[in-house]
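Only one structure is covered here, and it is reproduced in the block below.
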Amino acid sequence: MTTSLAAKETDADRLAALAAQRYREAQHLGEEWNETIETLLSHRSVRSYLPKSVPHAAVELAVAAAQSAPSSSNLQAWSVVAVEDAERRSRLNAVAGNQRQIAQAPLLLVWLADLARPRAIAAEGGSAAEGLDYVESFLLGVIDAALAAQNAVVALEALGLGTCYIGAIRNDPETVARELALPEGVFPVFGLTVGFPDPAQPAAVKPRLPQSTVLHREQYANGARTRDLATYNKVMRSFQAEQAMPSIDWTDQVRNRIGTVEALKGRHVLAAAARRLGFKLQ
Ligand SMILES: Cc1cc2nc3c(=O)[nH]c(=O)nc-3n(C[C@H](O)[C@H](O)[C@H](O)COP(=O)(O)O)c2cc1C
């Protein structure tokens, strides 16, 4: 909270600038600017990196941020593998469809739903760990891993590093599990490339849906589901033009991503793969 009127105006201006970047239309965000809010609202995925390794201290700080995330029943049912070895990264990249940013980034963090640890703890205490065999426990591990990873992303961005999630490692989670020597009951949720952003190819803040589409008050308003999408299509078209990206309506991107089984790129068999990796998913 700021005290002087002049400083308050500055905070409001900063928030207005952040809102303009994120929404490209009027969005009131109040007057409570701070550096944490600046970092969060300035997020962008980074896909071009300098050939410079990530200091181990940055990884340790990111993992501390990750461990500071809330965790369901404090089970802390996640782990992360930091992969720097170029050949291992290249093999993992083959699973992910050979994405340029994976080849370029000096570090790939693979975030894991880890039910092997609670299972071992249960076994030591003579417990059958029946609860681990249910979808609920798989979800718990995935949620814990996602919350942890996103905290790490914010920490890394606050340090001036760039990141990009890599869901494409789920194209073949069993190959990833073999590559990383994952024990039974550990599932690779997503990768995260990490590196110093290449200033010659800066990433831009990608506009999001207007809040009128996603924010419901008291009850879900069906009318909000597709409200203002035509405007958002236009916003995304101009973003794509600025970024020299192929021009496509966002609503068509959504349809393409979910329209066919082929678009899942192998992930339509994920339940079977998860079962083979030790999750019963009852
Ligand atoms: C779980 C998850 C998986 C993702 N997987 C990929 C991926 O495999 N490749 C990629 O280039 N981007 C991937 N992304 C990044 C999204 O494309 C990106 O977050 C989205 O387009 C919004 O852009 P922004 O992060 O720059 O705001 C992923 C994001 C998430 C949250």
Side-chain angles (χ1 to χ4, degrees), residues 18-24 27 37-49 66 69 78 80 83 89-105 107-113 138-139 141-158 161-173 175-176 187-195 197-198 201-211 213-214 232-233 235-240 242-258 263-267 270:
L18 289 167
Q21 274 197 124
R22 185 56 74 196
Y23 296 105
R24 301 197 176 194
Q27 174 60 57
I37 296 293
E38 177 86 21
T39 301
L40 286 167
L41 270 63
S42 302
H43 159 77
R44 75 263 342 242
S45 292
V46 170
R47 295 185 178 84
S48 296
Y49 300 98
W78 63 273
V80 61
V83 181
R89 277 191 291 119
S90 164
R91 288 192 294 272
L92 291 168
N93 199 3
V95 171
N98 292 311
Q99 301 189 33
R100 197 178 59 98
Q101 68 271 22
I102 304 177
Q104 242 189 32
L107 173 66
L108 180 71
L109 297 177
V110 183
W111 297 87
L112 310 165
F138 180 72
L139 263 183
V142 169
I143 293 168
D144 267 14
L147 296 179
Q150 182 54 26
N151 256 22
V153 164
V154 175
L156 291 162
E157 290 179 351
L161 286 147
T163 66
C164 183
Y165 280 101
I166 304 294
I169 64 158
R170 292 196 307 277
N171 293 353
D172 185 355
T175 297
V176 174
F187 184 86
V189 181
F190 41 64
L192 185 77
T193 56
V194 185
D198 181 354
Q201 289 177 296
V205 168
K206 191 181 281 184
R208 291 296 197 265
L209 288 167
Q211 289 200 1
T213 314
V214 302
Y232 185 59
N233 277 338
V235 166
M236 283 303 287
R237 288 253 190 193
S238 61
F239 174 79
Q240 291 155 0
E242 287 160 26
Q243 299 298 309
M245 291 163 73
S247 184
I248 178 172
D249 276 347
W250 177 79
T251 46
D252 281 334
Q253 279 185 319
V254 171
R255 289 182 197 108
N256 292 344
R257 177 65 173 78
I258 61 175
L264 287 174
K265 297 188 176 159
R267 299 181 220 173
L270 220 53

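Note that the structure is a prediction, hence the values are computed from the model and not measured. Counting starts at 1 for both ligands and their atoms, in listed order.
Here is the list of ligand 1 atoms found below 4.0 Å of a heavy atom in R44: 26 (O). Close contacts of ligand 1 with A168, meaning ligand atoms under 4.0 Å from a residue heavy atom, involve 8 (O). Atoms of ligand 1 found under 4.0 Å from any heavy atom of G167, numbered from 1 in the order shown, are 3 (C), 4 (C), 5 (N), 6 (C), 7 (C), 8 (O). Counting atoms of ligand 1 from 1 in the listed order, those under 4.0 Å from a heavy atom of Q101 are 9 (N), 10 (C), 11 (O). The ligand atoms of ligand 1 that sit less than 4.0 angstrom from a heavy atom of Q99 are 7 (C), 8 (O), 9 (N), 10 (C), 11 (O). Near S45, with a cut-off below 4.0 Å to any heavy atom, the atoms of ligand 1 are 15 (C), 18 (C), 19 (O), 24 (P), 25 (O), 26 (O).
Remark: minimum distance from atom 1 (C) of ligand 1 to any protein heavy atom is reached at F190 CD2, 4.0 Å. Taking atom 2 (C) of ligand 1 as the reference point, the nearest protein heavy-atom neighbour is Y165 CB, 3.6 Å.
With K206, K265, R47 as candidates, the residue nearest to atom 17 (O) of ligand 1 on a non-hydrogen basis is R47.
Residue contacts with ligand 1, taken as heavy atom pairs separated by less than 4.0 Å, involve R208 solely via side-chain atoms from C-beta onward. At a heavy-atom cutoff of 4.0 Å, ligand 1 is contacted by the side chain of C164 but not by its backbone.
Looking at D172, its side chain never comes within 3.5 Å of a backbone N or O of G266 through a donor-acceptor pair. Judged purely by atom type and a 3.5 angstrom limit, E157 has no side-chain atom pairing as donor or acceptor with the backbone of H43. Without hydrogens or angle criteria, R170 side chain to V189 main chain gives a donor-acceptor distance under 3.5 Å. With hydrogens and angles disregarded, a donor-acceptor distance shorter than 3.5 Å links the side chain of R44 to the backbone of A203. Judged purely by atom type and a 3.5 angstrom limit, S42 uses its side chain to pair as donor or acceptor with the backbone of E38. Between the R24 side chain and the R22 main chain, no donor and acceptor come within less than 3.5 Å of each other.
Ring geometry for W78 versus W111: interplanar angle of 30 to 60°, hence tilted.
Checked by atom type, the side-chain pair Y165/S45 shows no donor-acceptor distance below 3.5 Å.
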